[in-house]
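Below is one structure, written out as structure tokens; the observations come after it.
The chains referred to below are lettered A, B, ... by the order of the sequence lines, with proteins before strands, and numbering in each begins at 1.
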Protein chains: 2
Amino acid sequence: MQYSAAEENYIKAIYRLQDHAAMVTTNALADALQTKPPSVTDMLKKLKAKKLLNYEPYKGVKLSAEGKKVALAVVRKHRLWESFLVSKLQFGWDEVHEVAEELEHITSKKLIDKLDAFLGFPRFDPHGDPIPDSQGRITIQPQVRLTELPLHQSAEISAVGSQSPALLELLKAKGLQLGTRLDVRKIFSFDRSLDIRIKQQASVNISFELASVLFVKTC
Amino acid sequence: MQYSAAEENYIKAIYRLQDHAAMVTTNALADALQTKPPSVTDMLKKLKAKKLLNYEPYKGVKLSAEGKKVALAVVRKHRLWESFLVSKLQFGWDEVHEVAEELEHITSKKLIDKLDAFLGFPRFDPHGDPIPDSQGRITIQPQVRLTELPLHQSAEISAVGSQSPALLELLKAKGLQLGTRLDVRKIFSFDRSLDIRIKQQASVNISFELASVLFVKTC
DNA sequence: ATTAATTTTTAGATTCGCCTAAATTTAAAT
DNA sequence: ATTTAAATTTAGGCGAATCTAAAAATTAAT
């Protein structure tokens, strides 16, 4: 079966919202999708008819097993395209979302699987979110905040908790990017700032605020 | 300005048909787009209002200067995506058209320009058709049929005149693909078959039929 | 436990791109 | 030069996805 871009967007939004609330409400969806509640109601009826979700009027909505499969497929497409844009086309992390939002609706499964192979079957996207494999399985994130990394434990930056241009600017200035190998040399108790050493290079001092939006995987 | 996928498809179809006839007719368009004449009339009115074409009822249609610009942009996108699919994702030439038909409607100009750079600014797509640059300029094809290549003149395969699976199979068996460097060692007058030498490798003999659907650029 | 406020759904309309059937214009044929 | 045939346009409608305004159901509050 194949779904329209609008349908896929609803499914994806419900999938996201499900994590934070047992039942997804009409208004929450309208908010997330930048649309109005009546439009949501209409679409929910349609998706219910297609058995992608369980919806009872006034009660809220949850994805069916089939719906979750569709959601994972869309998430897979989105995150693979983001990975492509960053690792091959030199986009910044803060620029990829909108474009991936369009690319994720391209329908060829073959395309996505070949793209996956071309990228070397990455398990995390540039924001550190897991990429479902072609069966929809996802690897649980083994990453921790840099603030939680033990001293002298070697690790690499695997995700960034925000995509603000301000953060991007700071990271560039500090010479930090996705994949940068580092370990923590010292933690200053005064301001909880960290001295980190970048893989056989000089040390830099970074603030607690910065360290807490950086995620690392030990290696 | 930005145009819908449907609008872009009409513009592209008109652009193609303009080459073969001074005026593009409603029926020809309906045929090319697998749609019905009344739909075409509707869209022509809309595109005329947007000044993308000159249309007089019952007389036919021609693209305006602005329309040609849009057409070239769409053609550029289509051919760059086809190049990507073949040269990076290992698609066969015969499989790329449909997918590219979807990808060509992604709207980010930045994406396309970065894709262009990633591919090394190719001037021809896998079928040998020229790729407009970011200004819409196209290079005239400097390629010739392999049957017309002088003896010992080094060249590379730049296009294939057909996309049949049968041809693809044969090329694979002979070890020939887009970009393969070669030169002609001998032409047998009996059947006009050619012995060609693949760039520092063994020679192979190919039939005149095959040679005449292969296009090469000297280099 | 009624009333008030909020959330959600229904009703009815709009735009886009398409359709069929019928009318109209242009071109071809006798 | 009429008549016939073909091409094109108009008229009216449909499904998808959206909207506003109004009604109904749920939740919160006095």
Side-chain angles (χ1 to χ4, degrees), chain A residues 1-14 17-18 20-63 67 70-71 74 101-102 104-107, chain B residues 1-14 17-18 20-63 67 70-71 74 101-102 104-107:
Chain A
M1 207 85 305
Q2 210 152 264
Y3 304 98
S4 72
E7 288 171 331
E8 288 191 340
N9 284 335
Y10 274 87
I11 295 289
K12 192 179 52 158
I14 296 166
L17 292 171
Q18 283 196 146
H20 303 288
M23 274 290 156
V24 178
T25 68
T26 301
N27 274 4
L29 267 172
D31 247 51
L33 291 165
Q34 312 242 65
T35 181
K36 305 289 167 172
S39 310
V40 174
T41 302
D42 281 356
M43 182 60 91
L44 292 184
K45 284 183 195 165
K46 203 170 103 183
L47 295 177
K48 181 186 180 172
K50 294 189 179 185
K51 296 181 192 298
L52 292 174
L53 44 81
N54 303 110
Y55 161 63
E56 288 306 321
Y58 296 103
K59 284 188 171 176
V61 71
K62 270 181 82 167
L63 291 181
V70 174
V74 178
E101 209 63 22
E102 276 190 74
E104 74 188 2
H105 302 299
I106 303 292
T107 53
Chain B
M1 205 87 307
Q2 210 152 264
Y3 305 99
S4 72
E7 288 170 331
E8 287 191 341
N9 284 335
Y10 274 87
I11 295 289
K12 193 179 53 159
I14 296 166
L17 293 171
Q18 289 199 137
H20 303 286
M23 274 291 157
V24 178
T25 68
T26 300
N27 274 2
L29 267 174
D31 246 51
L33 291 166
Q34 311 241 67
T35 183
K36 305 288 165 172
S39 309
V40 174
T41 302
D42 282 356
M43 183 61 90
L44 292 184
K45 283 183 193 166
K46 202 171 102 184
L47 295 177
K48 182 186 180 172
K50 294 189 180 185
K51 297 180 191 299
L52 293 173
L53 43 79
N54 303 110
Y55 162 63
E56 289 305 322
Y58 295 103
K59 285 189 171 177
V61 71
K62 269 181 83 167
L63 291 182
V70 174
V74 178
E101 209 63 23
E102 277 190 73
E104 75 187 2
H105 302 299
I106 302 291
T107 52

Whole Å only: how far is the [atom1] atom of [X] from the [atom2] atom of [N]?
{"X": "K50(A)", "N": "dG15(D)", "atom1": "NZ", "atom2": "C1'", "value": "11 Å"}
{"X": "E8(B)", "N": "dC16(C)", "atom1": "CD", "atom2": "C1'", "value": "15 Å"}
{"X": "E7(A)", "N": "dT18(D)", "atom1": "CD", "atom2": "C1'", "value": "14 Å"}
{"X": "K36(B)", "N": "dA6(D)", "atom1": "NZ", "atom2": "P", "value": "17 Å"}
{"X": "Q34(B)", "N": "dC19(C)", "atom1": "CD", "atom2": "P", "value": "10 Å"}

| request: Compare side-chain N and O positions of Y10(A) against OP1 and OP2 of dA16(D) and report whether any pair is under 4.0 Å apart. | output: no
| According to a strict under-4.0 Å criterion, is T35(B) in side-chain N/O contact with OP1 or OP2 of dC19(C)? |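 For T35(B), the contact criterion (side-chain N or O under 4.0 Å from OP1 or OP2 of dC19(C)) is met.
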| field | Shortest non-hydrogen separation from L63(B) to N54(B) and the atoms involved | value | O-OD1, 4.2 Å
| query | If you look at every heavy atom in L33(B) and N9(B), which pair is closest and at what distance? | reply |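 Looks like CD2-O, 3.7 Å.
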| query | Less than 4.5 Å apart, any side-chain heavy atom of I11(B) and any of Y3(B)? | reply |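 No. Closest side-chain heavy atoms not under 4.5 Å.
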| note | So the salt bridge (Lys or Arg N to Asp or Glu O under 4.0 Å) pairs with at least one residue in residues 2-14 of chain A (sequence neighbours excluded) are E7(A)-K46(A), E7(A)-K50(A), E8(A)-K77(A), K12(A)-E101(A), K12(A)-E104(A)
| request: Would you please test L52(B) and I14(B) for side-chain contact (heavy atoms from CB on, under 4.5 Å) and show each step? | output: CA-CA 11 Å; L52(B) 293 173; I14(B) 296 166; over 6 Å; no
| query | Once each nucleotide of nucleotides 8-15 of chain C is scored for protein heavy atoms under 4.0 Å, what B/S/- sequence comes out, 5' to 3'? | reply | BBB-----
| request: Please identify each residue that fulfils salt bridge (charged side-chain N to carboxylate O under 4.0 Å, His left out) with E102(B), with sequence neighbours left out. | output: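 E102(B): no salt bridge (charged side-chain N to carboxylate O under 4.0 Å, His left out) contacts found.
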